[in-house]
Participant: 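Once you've had a glance at the structure underneath, I'll fire off some questions.
Starting from 1, each residue takes its place in the sequence as its number.
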Amino acid sequence: MNPQALDWSLPYASHRSAVMGRNVVSASQPLAAQAGLRMLLAGGNAVDAALAAAMVLTVVEPTGCGLGSDGFAIVWDGKELHGLNASGRSPAAWTPEYFEKLGGIPETGWNAVTVPGAVSAWVALSKRLGKLPFAQLAQPAIDYARNGFPVSPTIARQWALGAAKLGAQPGFAECFMPSYLGGRAPLAGEIFRSEAHARTLELIAETEGEAFYRGVIAERIVAHAQANGGAMTLADLADHRADWVGTISQRFGDSVVHEIPPNGQGIAALMALGMLDAHGIGAHPVDDVETVHASIEAMKLAFADLHQYNADIDAMPVAPRDLLDADYLRGRAALIDRERAGDPGHGAPRPGGTVYLAAADASGMMVSFIQSNYMGFGSGVVVPGTGISLQNRGHGFNLTPGHANQVAPRKRPSHTIIPAFAMHADGTPQMAFGVMGGPMQSQGHTQMALRVLRYGQNPQAAADAPRWRVTGGKGVAVEPGFDAAVIAALRARGHEVTVEEGNGVFAFGGAQLVLRNGHSYIAGSDPRKDGHAVAF
């Protein structure tokens, strides 16, 4: 049967079982997860697996990431925790005056593109913590790009939406609406291929990323920028670096949750968890209205501070340690009204659409990795003949005078993508986890940590559970599977609840979790996405 004639809906209730093994990869697309597993079977470690999967995701899930993405990682190497920030900085020409002449910071086009950092993340992780040759890690992605792969159903839906929105952006149609498909997005089950993407991956592999930032690829990126009104220069690309930044952390019950320091939004999850600990979360069942209400209120308080203070860490008026100070979080937690929804502002501490994957191996190494184009296909810009689709992270800046996140030259914007990692209080590794999906990410981290670390749910159950998402003010969106009685009780407390129909991946994110269990692992993969967990 021709694949486009099939009905790709899933009308019947179902569930996934958690996946267990001594070596495991959990990713949002099956071919990517299997590419990671291939590296482990070839003698590689969890970092090699994560990087092979990440490269494949730029091919098979271009709706969430690409060669022009940014990336972050947290890695337990068996002895210590490493944190990598490979997000890009703004071009040197970006000033508030630059964008005032444009009428604001756009969401699409070249003036939304900061320097892409994902390639630098791959290289930095491979050099410091990998085992296999870098070129070997790229081979599965090169093969899928050159020889093609069948597009999976959820990604096909997102692809069609992206094409409708971004088809006119420079280079987009040539790459993602190719002539061999009649100038449209691929349907679920159709074979998509990109020889240009394959050739670029080969150059990246051969030069260990040098061609991307200082060679022929960089020259093509900059030429396309200058031909289409962008400000990026060869110097902007050449000056990029990925930074080993460690982690910031928050005690949560018997666990310690780690996130990458700002410019990422992970600090909001840590703040919310610290408030919930101070609030005494855990006295009621995980899906009880008391637990849900307190979690929503803590998240709103954390977001109020995030939007006020989070930025490139060098530009923040307060340090992360001040926002995570125990006394400060207790004071914020005291603002949670147990009976009424609030609409909080930020506090005053003392001065002081994304892909996620997790991998772990039998040696004990665990990886939490994320890369993203930000809003689906990002800026919509694709450099012709390269397969490089570029993020729109510049849209994360603002033009508010004096704000920590005001646009400026060579500055990192406040960032949505964040990997997470949990350690036991005794210093042993516990879980690599993440939830892709824009501002849903820190909210998703809070909900995953609550379910697994406080309530002991297995990773698959935590990924399956219906989610909520604060939307501003007293607004909160919930998935259709949410308990109707809890929805009614939330509304009675003043929450302005909307039930969002349809595929929740567009708004409620996609989770992957790998939990250590003695000398093996338990993995879960989000049913809202096409992916799965694989193990041996």
Side-chain angles (χ1 to χ4, degrees), residues 70 72 85 87-115 117 230-232 236 239-240 243 245 248 259-272 275 299-325 327-329 331-332 335 342-352 374-375 379 391-418 438-439 441-442 470-473:
D70 281 345
F72 296 82
N85 182 340
S87 63
R89 297 167 179 83
S90 56
W94 280 18
T95 63
E97 294 75 22
Y98 179 91
F99 286 103
E100 285 167 5
K101 293 177 182 177
L102 297 176
I105 304 174
E107 184 178 308
T108 60
W110 262 109
N111 283 307
V113 182
T114 55
V115 173
M232 193 169 293
D236 293 327
D239 288 346
H240 171 76
D243 298 319
V245 294
I248 53 176
E259 300 273 0
I260 296 291
N263 56 315
Q265 65 167 310
I267 193 168
L270 300 184
M271 294 174 69
M275 289 179 226
M299 198 73 246
K300 287 192 289 190
L301 287 159
F303 264 5
D305 281 353
L306 182 82
H307 296 150
Q308 179 66 19
Y309 300 117
N310 198 68
D312 188 315
I313 197 166
D314 293 333
M316 289 176 62
V318 295
R321 65 177 177 273
D322 300 314
L323 291 167
L324 296 173
D325 178 79
D327 289 337
Y328 177 66
L329 292 181
R332 295 292 274 166
L335 299 176
D343 184 4
H346 64 82
R350 294 193 309 272
Y374 192 18
M375 298 177 181
S379 65
Q391 38 82 330
N392 60 335
R393 284 294 166 188
H395 191 65
F397 284 118
N398 66 48
L399 294 175
T400 305
H403 194 282
N405 193 41
Q406 183 183 19
V407 70
R410 299 284 171 86
K411 182 179 181 180
R412 283 173 162 147
S414 182
H415 227 285
T416 59
I417 66 170
I418 47 174
Q441 294 187 46
S442 54
V470 299
T471 58

Participant: State, with a plain yes or no, whether a side-chain heavy atom of Y374 is found less than 4.5 Å away from one of T416.
Facilitator: yes
Participant: With a 4.5 Å limit on heavy-atom distance, are the side chains of F72 and N263 in contact?
Facilitator: yes
Participant: When you measure from the side chain of S87 to the backbone N and O of D70, does any donor-acceptor pair fall under 3.5 Å?
Facilitator: no
Participant: I would like to know whether I267 and L306 meet side-chain contact (heavy atoms from CB on, under 4.5 Å); could you show each step before the answer?
Facilitator: CA-CA 8 Å; I267 193 168; L306 182 82; 3.9 Å; yes
Participant: Are a donor atom and an acceptor atom from the side chains of Q265 and S414 found within less than 3.5 Å of each other?
Facilitator: no
Participant: OG1/T114 to CD/Q391 distance, rounded to the nearest 0.5 angstrom?
Facilitator: 3.5 Å
Participant: So, the side chain of R412 versus the backbone of N85: is there a donor-acceptor pair under 3.5 Å, distance only?
Facilitator: yes
Participant: If we only count heavy atoms from C-beta on, is the Y98 to N111 side-chain gap below 4.5 Å?
Facilitator: yes
Participant: Could you tell me whether the side chain of R393 and the main chain of G88 form a donor-acceptor pair under 3.5 Å?
Facilitator: no
Participant: Taking the side chain as everything from C-beta on, heavy atoms only, tell me whether P262 gets closer than 4.5 Å to I248.
Facilitator: yes
Participant: Do side-chain atoms of K300 reach the backbone of G342 as a donor and acceptor pair under 3.5 angstrom?
Facilitator: yes
Participant: Check whether any side-chain heavy atom of Y328 sits under 4.5 Å from a side-chain heavy atom of D305, and report yes or no.
Facilitator: yes
Participant: Examine distances only and state if a side-chain atom of D322 and a backbone atom of A319 form a donor-acceptor pair shorter than 3.5 Å.
Facilitator: yes
Participant: Would a 4.5 Å heavy-atom cut-off, applied to side chains only, mark M271 and L323 as touching?
Facilitator: yes
Participant: Could you tell me whether a side-chain N or O of N392 sits under 3.5 Å from a main-chain N or O of T108, the two making a donor and an acceptor?
Facilitator: no
Participant: Who passes side-chain hydrogen bond (donor to acceptor under 3.5 Å, both in side chains) against S379, sequence neighbours left out?
Facilitator: none
Participant: I'd like to check the side-chain hydrogen bond (donor to acceptor under 3.5 Å, both in side chains) partners of D343; sequence neighbours left out, ordered by chain and number.
Facilitator: none
Participant: When you measure from the side chain of K411 to the backbone N and O of D314, does any donor-acceptor pair fall under 3.5 Å?
Facilitator: no
Participant: Sequence neighbours left out, what passes side-chain hydrogen bond (donor to acceptor under 3.5 Å, both in side chains) with E100? Give chain and number order.
Facilitator: none
Participant: Atom CG in D327, atom CZ in R332: separation rounded to 0.5 Å?
Facilitator: 14.5 Å
Participant: Residues in salt bridge (charged side-chain N to carboxylate O under 4.0 Å, His left out) with R89, at least two apart?
Facilitator: D243
Participant: Tell me the closest heavy-atom pair linking A269 and S442, and the distance in Å.
Facilitator: CB-O, 3.6 Å
Participant: So, taking the atom named CD in Q406 and the one named CG in D312, what distance separates them when rounded to the nearest 0.5 Å?
Facilitator: 13.0 Å
Participant: What I'd like to find out is whether the side chain of H415 reaches to under 4.5 Å of the side chain of I260, using heavy atoms alone.
Facilitator: no
Participant: Could you please spell out the steps behind the side-chain contact (heavy atoms from CB on, under 4.5 Å) verdict for W94 and F397?
Facilitator: CA-CA 11 Å; W94 280 18; F397 284 118; 4.1 Å; yes
Participant: As an exercise, state the distance from CZ of F99 to CG of N398, rounded to the nearest 0.5 Å.
Facilitator: 11.5 Å
Participant: Using the salt bridge (Lys or Arg N to Asp or Glu O under 4.0 Å) rule, collect all pairs that involve residues 103-115, keeping only residues at least two apart or in two chains.
Facilitator: E107-K165
Participant: Could you work out, with side-chain hydrogen bond (donor to acceptor under 3.5 Å, both in side chains) as the rule, every residue matching H395, not counting sequence neighbours?
Facilitator: none
